[in-house]
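Only this structure's heavy atoms are used, side chains among them; waters, hydrogens and symmetry mates stay out. By convention here, the first residue in the shown sequence is residue 1. Just so you know, ligand 1 is whichever comes first in the structure, and atom 1 is the first atom listed for that ligand.
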Amino acid sequence: MELAAYLSEKKKIIDQYLDEKLPSEQEEPILLHRSIRYSVLNGGKRLRPILTLMAAELLGLHFEQVLPAAAGIELIHCFTLVHDDLPCLDDDDYRRGKLTSHKVFGEAMAVLTGDALLVMGMEFLIRNAEVKGIKKESVIRVLEKVLEILGTRELLGGQVNDINWQKEKQNNESIIDIYKKKTSALICAALETGGLLAQATEAQLSTLYQFGVKLGLAFQITDDLLDFEQDKKDYDRPNYPAVYGFKKAQNEVGRYCREAKDSISLFGEDARLFFALIDYVQHRTE
Ligand code: GRG
């Protein structure tokens with residue numbers, strides 16, 4: 001299947017799954033459930049859960065066998081976005097083209113929404129143990145991996161360095177380190193979740209990880225390039241083109257994309273969707 005059709009089909013399936021499984025707006029606590037549904041069902045690209053499905057399919061599972069875990073990864077991603085947008089962090093008014101959760105539901109509800117999404121995300125990951133053909137030990141390894149990347153050495157640490165950017169040494173190494181922690185880590189975990197549930201070998205897991213690191217860096221720098229072009233850059237926070245210029249940022253995206261393709265080429269022709277995804281990330285406009 002061609003990539004555009006694959007992405008749109010799988011996004012629809014993930015959206016539908018989340019819509020069905022999230023608590024309804026009629027269930028108490030109504031305001032929190034409204035805020036949770038607003039923060040998730042608001043038009044994300046669903047890149048991370050799609051990566052979980054792609055990795056699982058690459059290693060011989062049917063995508064439906066990892067749908068609960070893929071949805072869990074998306075809920076965790078949504079949690080980071082809701083908290084990242086808060087006034088005490090990035091202070092953003094818009095997310096996915098709509099008002100941010102705290103703008104609609106207030107700060108207290110947005111904090112609780114993020115907390116709830118993290119807890120629900122973990123529940124969805126665990127739920128994958130009930131799927132036929134999935135080993136409980138694999139689900140435990142997924143939980144270990146996701147908890148590891150959410151911790152102080154990865155996402156949380158990356159976020160601290162992002163906040164302290166002005167005070168940090170501003171060099172290529174420090175900016176890339178932040179991007180690896182705050183963006184690549186969850187992308188890697190999404191891929192490794194699919195791989196672990198499909199009982200990938202250590203060599204296959206390492207390939208998915210290498211691919212994820214480079215994909216995450218290319219994805220974050222293209223995100224910066226899009227912000228830069230739309231003049232949405234915030235000089236208090238790391239932004240690759242703002243520090244190194246547009247041309248170097250584009251060149252680095254090209255390099256990371258080439259390196260990502262090199263890693264995934266281990267899977268040969270079976271990895272053609274991954275190759276196409278890299279081209280999509282390199283040239284994305286949203
Ligand atoms: C408490 C573990 C913990 C985490 C909170 C707030 C935070 C720490 C981390 C935030 C990290 C963050 C927001 C990174 C940005 C990554 C990024 C490029 C997000 C946008 O991803 P897209 O374009 O968004 O895939 P959609 O809307 O399509 O889902």
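In this structure F124 satisfies the ring pair (Phe, Tyr, Trp, His ring centres under 6.0 Å) test with no other residue, sequence neighbours excluded. Among residues two or more places apart in sequence or in another chain, the side chain to side chain donor-acceptor pair (under 3.5 Å) test is passed with N172 by Y240.
Among residue pairs with one or both ends in residues 126-136, none qualify as side-chain hydrogen bond (donor to acceptor under 3.5 Å, both in side chains); sequence neighbours excluded.
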Exercise answer, ligand 1 polar atom pairs (N/O) under 3.5 angstrom:
| residue | atom | partner | partner atom | Å |
| --- | --- | --- | --- | --- |
| ligand 1 | 21 (O) | R48 | NH2 | 3.2 |
| ligand 1 | 23 (O) | K45 | NZ | 2.6 |
| ligand 1 | 25 (O) | R48 | NH1 | 2.8 |
| ligand 1 | 27 (O) | R96 | NE | 2.6 |
| ligand 1 | 28 (O) | K45 | N | 2.9 |
| ligand 1 | 28 (O) | K45 | NZ | 2.9 |
| ligand 1 | 29 (O) | H77 | NE2 | 2.8 |
| ligand 1 | 29 (O) | R96 | NH2 | 2.7 |

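Judged by the 6.0 Å and 45° rule, R284 forms a cation-pi pair with F219.
Proximity of a side-chain donor or acceptor of T52 to a complementary backbone N or O of A190 within less than 3.5 Å is detected.
Ring pair F274/F267: centre-to-centre distance not below 6.0 Å.
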